[in-house]
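Shown next, in structure tokens, is the structure this report addresses.
Computed from heavy atoms alone, side chains included, the values below leave out hydrogens, waters and symmetry copies. Throughout, protein chains are lettered first and strands after them, A, B, ... in sequence-line order, and every chain is numbered starting at 1.
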2 protein chains.
Amino acid sequence: MPNDALHPVPAGSRRPRVVIVGGGFGGLYCARALRRAPVHVTVLDRRNFHLFQPLLYQVATASLSPGDIASPIRHILRRQRNAEIWLAEAVSVDVNGREVKLRDGRIGYDYLIVSTGVTHAYFGHEEWAQAAPGLKTIEDAVEIRRRFLLAFETAEREADPAARRRLLTFVIVGGGATGVELAGAMVEIARQSLPRDFRAIDPATARIVLLEGGSRLLPTYPEDLSAKAEEQLARLGVEVRTGALVTRIQPDAVYLANEQIPTRNIFWAAGVAASALGATLGAPLDRAGRVIVQPDCSMPDHPEVFVIGDLAHLEQEGELVPGVAPAAMQMGSFVAEMIRRDLRGQPRRRFRYRDKGILATIGRAAAVGQFAGLKFSGYPAWLVWLFVHILYLIGFRNRVLVMIQWAWAYFTRQRGVRLITGYPGETEVELRRPRIVAD
Amino acid sequence: MPNDALHPVPAGSRRPRVVIVGGGFGGLYCARALRRAPVHVTVLDRRNFHLFQPLLYQVATASLSPGDIASPIRHILRRQRNAEIWLAEAVSVDVNGREVKLRDGRIGYDYLIVSTGVTHAYFGHEEWAQAAPGLKTIEDAVEIRRRFLLAFETAEREADPAARRRLLTFVIVGGGATGVELAGAMVEIARQSLPRDFRAIDPATARIVLLEGGSRLLPTYPEDLSAKAEEQLARLGVEVRTGALVTRIQPDAVYLANEQIPTRNIFWAAGVAASALGATLGAPLDRAGRVIVQPDCSMPDHPEVFVIGDLAHLEQEGELVPGVAPAAMQMGSFVAEMIRRDLRGQPRRRFRYRDKGILATIGRAAAVGQFAGLKFSGYPAWLVWLFVHILYLIGFRNRVLVMIQWAWAYFTRQRGVRLITGYPGETEVELRRPRIVAD
């Protein structure tokens with residue numbers, strides 16, 4: 001076991017120690033931007049890999065393997081001699097003692113970057129998690145894939161029509177990008193990939209319902225793009241329901257104000273909550289638990305502590321910097337630059353978010369997006385989406401593997417990773433808390 | 001849930017019902033060979049996919065993703081209209097009632113093919129399973145990968161030299177093909193893939209020990225090939241110990257007759273035991289629990305019940321037909337032919353195993369094999385190994401993905417699937433029973 005002593009900055013190094021908690025986009029871009037800075041960088045993450053979140057829904061829908069969208073953090077940073085990586089879980093921060101408490105030890109810092117992101121939340125209905133797994137980790141994705149595929153397998157052997165219908169009804173709660181992407185992928189698999197494989201059931205009759213509590217899908221998008229997305233989903237066969245507030249979730253049904261949808265398959269894409277570490281800083285938080293930061297992404301009264309990425313609440317011209325990958329990357333590079341300026345005795349600057357545009361894919365050759373004020377939808381938007389995601393995916397190997405599997409899926413209309421794993425012999429969708437099953 | 005009624009042969013079909021339990025090589029080749037036979041085929045498997053066992057060790061050693069070596073059974077057989085696939089676990093067989101009892105139902109048959117294979121065994125020391133996971137399922141492979149990679153991560157943060165040594169010592173028990181392949185792959189990763197990624201430790205100093213109780217590795221191979229394999233492993237840096245009988249296994253050490261090897265990483269590649277279903281047939285079993293079958297692979301007094309693949313004990317010219325993939329494939333096709341002959345009123349034949357040769361890979365450009373009396377080793381044997389495994393891998397997509405990843409690994413000396421999954425936040429090699437973690 002790592003000893004519990006306060007890890008000192010490595011012997012002989014009088015360089016300031018920069019501790020980065022979280023190896024997502026923000027943390028990784030920050031570490032890289034400190035490549036040539038006279039500092040000692042330690043990246044902490046409870047996972048050994050950087051996960052390309054934007055494609056996680058494709059793992060959940062059997063298109064990609066977890067290994068295709070993840071890379072070991074220490075391998076990404078292997079050439080950066082001033083950086084070390086620790087597989088460790090940060091439990092809390094003592095901003096006065098300038099120390100991070102770990103699950104199994106402690107580590108001191110001169111500069112701290114907190115980029116632990118957000119997880120999914122159930123609006124105070126944590127009990128819903130059992131029946132309606134969310135999508136944030138590889139384990140979540142494999143659990144969703146398991147339930148999705150298992151429903152068809154179980155239906156194939158189900159004699160009772162009502163029970164069969166329940167098994168072939170899939171409800172996605174939440175009409176944001178994740179919900180839209182899940183619904184689009186699931187309807188395609190049901191309508192295009194599976195039909196020939198079954199005998200007793202026709203997977204194409206599966207009912208895919210997308211529930212959004214608000215008045216439109218993709219609330220953060222321009223209205224006309226929301227309409228386009230709804231239109232494209234409907235064309236694919238998704239039953240889109242806006243203004244549909246979920247009041248109750250049971251293992252075999254979703255309840256709306258005055259309606260009940262019988263289903264054995266409920267997936268959660270609705271709420272997010274800031275990771276718990278943010279609250280231990282003692283800084284002001286917004287309603288979602290995000291840390292309200294200064295214009296330079298630092299914490300009030302603690303210029304040596306930065307909070308970046310989805311965990312940061314930063315307003316600019318009255319607008320919140322969105323919780324998207326490009327914002328996290330920009331913040332990561334920005335705070336690295338602020339640290340370098342400190343060391344050079346230069347004043348700090350205010351962070352400026354450069355909007356790279358927004359993009360959501362809906363399905364085969366269907367997407368919506370906006371770049372530089374220009375709106376795209378359908379095929380052109382989809383091509384941009386493909387290009388951008390390959391571009392930001394880390395690692396040559398992963399890029400090649402993902403491109404090949406996308407091409408294969410496009411031409412064969414099949415999905416390549418249709419594995420039900422984790423529970424040998426289990427032949428029914430079980431409803432206990434999503435268990436950890438992943439690769 | 002599937003109802004508990006005895007599933008009848010589908011309405012309107014007066015065709016004999018052939019039930020195949022197990023979608024491995026034997027079961028799959030049997031089902032395919034019945035493509036045009038006037039029968040109704042039902043393939044039962046507790047997993048929804050066919051697993052290409054020969055490459056499972058590459059999942060355990062981070063070279064391939066589970067999805068690359070598995071294909072959904074129902075997709076493989078999608079064009080075979082006389083076949084249906086059930087995700088179901090067979091619990092026992094009532095050979096007199098001609099019925100298979102499932103975990104959740106029953107199914108009657110006119111012909112039954114049992115091809116459920118073998119699992120790993122601990123020679124009556126089942127308690128060893130916790131400290132020394134074996135390699136038979138995807139879950140096993142991901143668990144081995146998790147422990148292997150986690151050991152280096154934990155060592156990187158371990159201050160105590162003795163504890164660090166223990167973490168960087170890997171012991172593989174069993175010098176058969178699986179043990180040889182695991183040891184060869186692990187030493188390559190430690191020596192070639194990981195070194196640049198770590199700061200506090202030098203992964204190249206990891207100690208990889210391969211223990212074989214017998215007098216030589218690959219006992220079923222010609223002696224000179226065993227010697228070659230040992231020589232090639234030693235050159236790679238594996239510590240090969242023959243005549244090394246394991247007397248005790250503890251979470252932190254392996255015990256031999258008069259020696260103890262301190263290690264936190266023990267992997268089991270020693271014994272196999274027949275799957276439990278075989279014993280429920282009431283047929284004579286051999287010491288390993290295999291079913292002793294007639295020359296036509298049928299069970300004594302029950303010509304309508306066949307046992308094939310690793311689960312079958314069949315002697316030919318005083319030699320046991322080996323438990324290898326080619327034998328299972330041949331038996332599968334053979335029993336399908338016997339069923340067709342029955343239906344045509346023709347007499348049965350005796351199964352003849354055609355030896356396709358033997359092959360074991362040791363590492364980069366190293367392998368041993370024998371075909372048609374010719375012995376190969378080193379580079380030529382390795383090339384044959386590559387070719388044969390790509391050839392028998394099912395699915396165009398999988399072939400392409402595996403070839404690309406092999407090429408990438410060959411040229412970069414890296415491993416592409418270095419994911420520690422299943423236990424977010426776990427930062428130490430835990431020693432409870434290998435939990436289910438898979439993709």
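- Smallest separation of non-hydrogen atoms from B:G67 and A:V417: CA-CG1, 4.0 Å.
- Applying the ring-ring contact (aromatic ring centres under 6.0 Å, His included) rule to A:F49 yields no partners; only residues at least two apart in sequence or on another chain are considered.
- Atoms CD and CG, on A:E153 and B:D45 in that order, are 10.0 Å from each other to the nearest 0.5 Å.
- Side-chain atoms of A:R397 come within 3.5 Å of backbone atoms of B:G416 as a donor-acceptor pair (strictly under, hydrogens ignored).
- Of the residues considered (A:A200, A:A155, A:P72), A:P72 shows the highest number of contacts with chain B, using heavy-atom pairs under 4.5 Å.
- Proximity of a side-chain donor or acceptor of B:N48 to a complementary backbone N or O of A:I420 within less than 3.5 Å is detected.
- The salt bridge (Lys or Arg N to Asp or Glu O under 4.0 Å) test applied to A:R166 returns A:D252, not counting sequence neighbours.
- Residue A:R164 does not touch chain B at all, counting heavy-atom pairs closer than 4.5 Å.
- Note: A:D197 CG to B:I76 CD1 = 10.0 Å, rounded to the nearest 0.5 Å.
- Counting only heavy atoms from C-beta outward, the side chains of A:R74 and B:R199 never approach each other to under 4.5 Å.
- The shortest side-chain heavy-atom distance between A:T421 and B:P66 does not fall under the 4.5 Å cut-off.
- Between the side chain of A:R157 and the backbone N or O of B:L87 there is at least one donor-acceptor pair closer than 3.5 Å.
- Contact annotation for A:L77: only backbone heavy atoms (N, CA, C, O) come within less than 4.5 Å of a heavy atom of chain B.
- Smallest separation of non-hydrogen atoms from A:R196 and B:R78: NH2-NE, 3.3 Å.
- Looking at A:I85, the atoms closer than 4.5 Å to chain B (heavy atoms on both sides) all sit in the backbone: N, CA, C or O.
- For the atom pair CH2 (B:W86) and OG1 (A:T154), the distance works out to 13.0 Å, reported to the nearest 0.5 Å.
- Contact tally against chain A (heavy-atom pairs below 4.5 Å) for B:L401, B:L149, B:D68, B:I404: the top residue is B:L401.
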